There are 2 protein chains.
Amino acid sequence: MSRKREDLLVHAEKLFYEHGFHAIGLKAIVQDAGVALMTLYNHFDSKEDLILEILNRREKMYFSMLKDAVRKEEGSIEHKLVSGHIQWLKTSASNGCMFLRAKEEFSSIPDHPLVKSVYSHKEKMIQFFESNEMSRTAAVQLALLLEGSTSLAETLNVQEIEKTLYAMVENIKNS
Amino acid sequence: MSRKREDLLVHAEKLFYEHGFHAIGLKAIVQDAGVALMTLYNHFDSKEDLILEILNRREKMYFSMLKDAVRKEEGSIEHKLVSGHIQWLKTSASNGCMFLRAKEEFSSIPDHPLVKSVYSHKEKMIQFFESNEMSRTAAVQLALLLEGSTSLAETLNVQEIEKTLYAMVENIKNS
DNA sequence: AATTAGATATAACGATCACTCTATTAATCT
DNA sequence: AGATTAATAGAGTGATCGTTATATCTAATT
């Protein structure tokens, strides 16, 4: 893996997340990453291609954080997953869910690869909960709580959300 | 109130919501509304000013829908509010919360009037819950559920979310 | 009928957009 | 050292961006 390519992915993710996908230009990205514009086009087919790869990387990061929490934390599976998600909120998600933001900005083209990728990610999320001994009902309930915490964290302080989330997750029953 | 002005607000809200604030241009808006570009600048100082007014209108619509539900629905206050929010989801929010999307696109300028307007809106939301005989704890819990349902509704079918939401709201206790 | 106000089309502003081409330099590898 | 590959700067594509200016035209008011 090329070093310049890695720099591009890191800086592009930061800028896309801070400003939005349409709002930020490729010129700003290459300047922030310290590479030439042609280097970007040497590694990626297009802006859309770059965004797709960023979302793929971000999905891996998110699930690896959840899996780490499942491995290391104590308590119920729901509690472990909440703990992992809160860590994600604190480290990488103070400006909303990047997947939903991509879907929102490109949803006017329903078959757009970016939009399909977001639907796939959200399905994958619930399936991951189900693969951890949770019923479909419980998985959807947990998903609702986690999505809610991500949105709330944009305007409320994270500690209050953390407290609220831990309290509410106790009510999820595997029926 | 001018007719052209009203047309502009309606069509601009639709396009901003479908594409995002940076993604859509003023030219597309005036074409969709069927007015001249200079008519837009006759009624609004700038694109930012137009967005601000749209968010103000949208806030009024949302709260009036909640208040209608409180007035007409049966059951607990939480149940009534959930019912109002679900109606909002079905009629006007299949692409996420427009306020959060505004905050996300402009959050890189923390003192931006649009960003402050969004923070204000979310505070107002929780205060509205509190003004309906709910404790702060219960209000934040309900906010988390409603925000979660808005996000989930972007990729999941609304009926499943509705069922989930009604089930989870029963657990909110006014402690 | 005359005056005012609102809306129109059009052009232009400088800036930026995603993307391409070219030509030169730097780094890597056998 | 020589050959291949990666990265560079810079110019250029046509298109669009938000915004302003101008000049004509229509509608409402006096």
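Quick caveat: nothing in here was measured; it's all calculated off a predicted structure. Note that these values count all heavy atoms, side chains included, but never hydrogens, waters or copies made by symmetry. Letters A, B, ... mirror the listed sequences (proteins, then strands); counts begin at 1.
- Contact annotation for A/L50: no contact, since no heavy-atom pair falls under 4.0 Å across all strands.
- Annotation: of the two residues near DNA chain C, A/A23 and A/D45, the 5′-most nearest-nucleotide partner is A/A23.
- Residue B/T39 has a polar side-chain atom (N or O) positioned under 4.0 Å from OP1 or OP2 of C/dT8.
- Between the NZ atom of B/K47 and the P atom of D/dT20 there is a distance of 14 Å, rounded to whole Å.
- In this structure, the nucleotide among C/dT10, D/dT8, D/dA7 sitting nearest to the side chain of A/H43 is D/dA7.
- B/I29 has its CD1 atom 8 Å from the P atom of D/dG18, to the nearest Å.
- When distances run from any side-chain atom of A/Y41 to the nucleotides C/dT20, D/dT8, C/dT8, the shortest one goes to C/dT20.
- To the nearest 0.5 angstrom, A/S46 atom OG is 5.0 Å from A/E48 atom CD.
- Counting to the nearest Å, the C1' atom of D/dT19 and the CG atom of B/N42 are 14 Å from each other.
- Residue contacts for B/I24: at a heavy-atom cut-off of 4.0 Å it reaches the sugar-phosphate backbone alone, with no base atom in range.
- Taking atom NE2 of B/H19 as the reference point, atom P of C/dC17 lies 19 Å away to the nearest angstrom.
- Following rounding to the nearest Å, B/Q31 (CD) and C/dA7 (P) show an atom-to-atom distance of 18 Å.
- In this structure, B/R58 contributes its side chain and B/E13 its backbone to no donor-acceptor pair below 3.5 Å.
- Comparing B/L37 and B/K4 by the nucleotide of DNA chain C that holds the closest heavy atom to each, the one mapping nearer the 5' end is B/K4.
- Atoms CG (A/L26) and C1' (C/dC17) sit 9 Å apart, rounded to a whole Å.
- At distances below 3.5 Å, not a single donor-acceptor pair connects side-chain atoms of A/D7 with backbone N or O atoms of A/G34.
- With ring centers used as reference points, B/H22 lies under 6.0 Å from B/F106.
- A parallel orientation is assigned to the rings of B/H121 and B/F99, their planes being inclined by less than 30° (bins at 30° and 60°).
- Rounded to whole Å, the distance from CG on A/L40 to P on C/dC19 is 9 Å.
- No contact: A/H22 has no heavy atom under 4.0 Å from any strand.
- Here C/dA7 presents its P atom at 13 Å from CD of B/E6, a figure rounded to the nearest Å.
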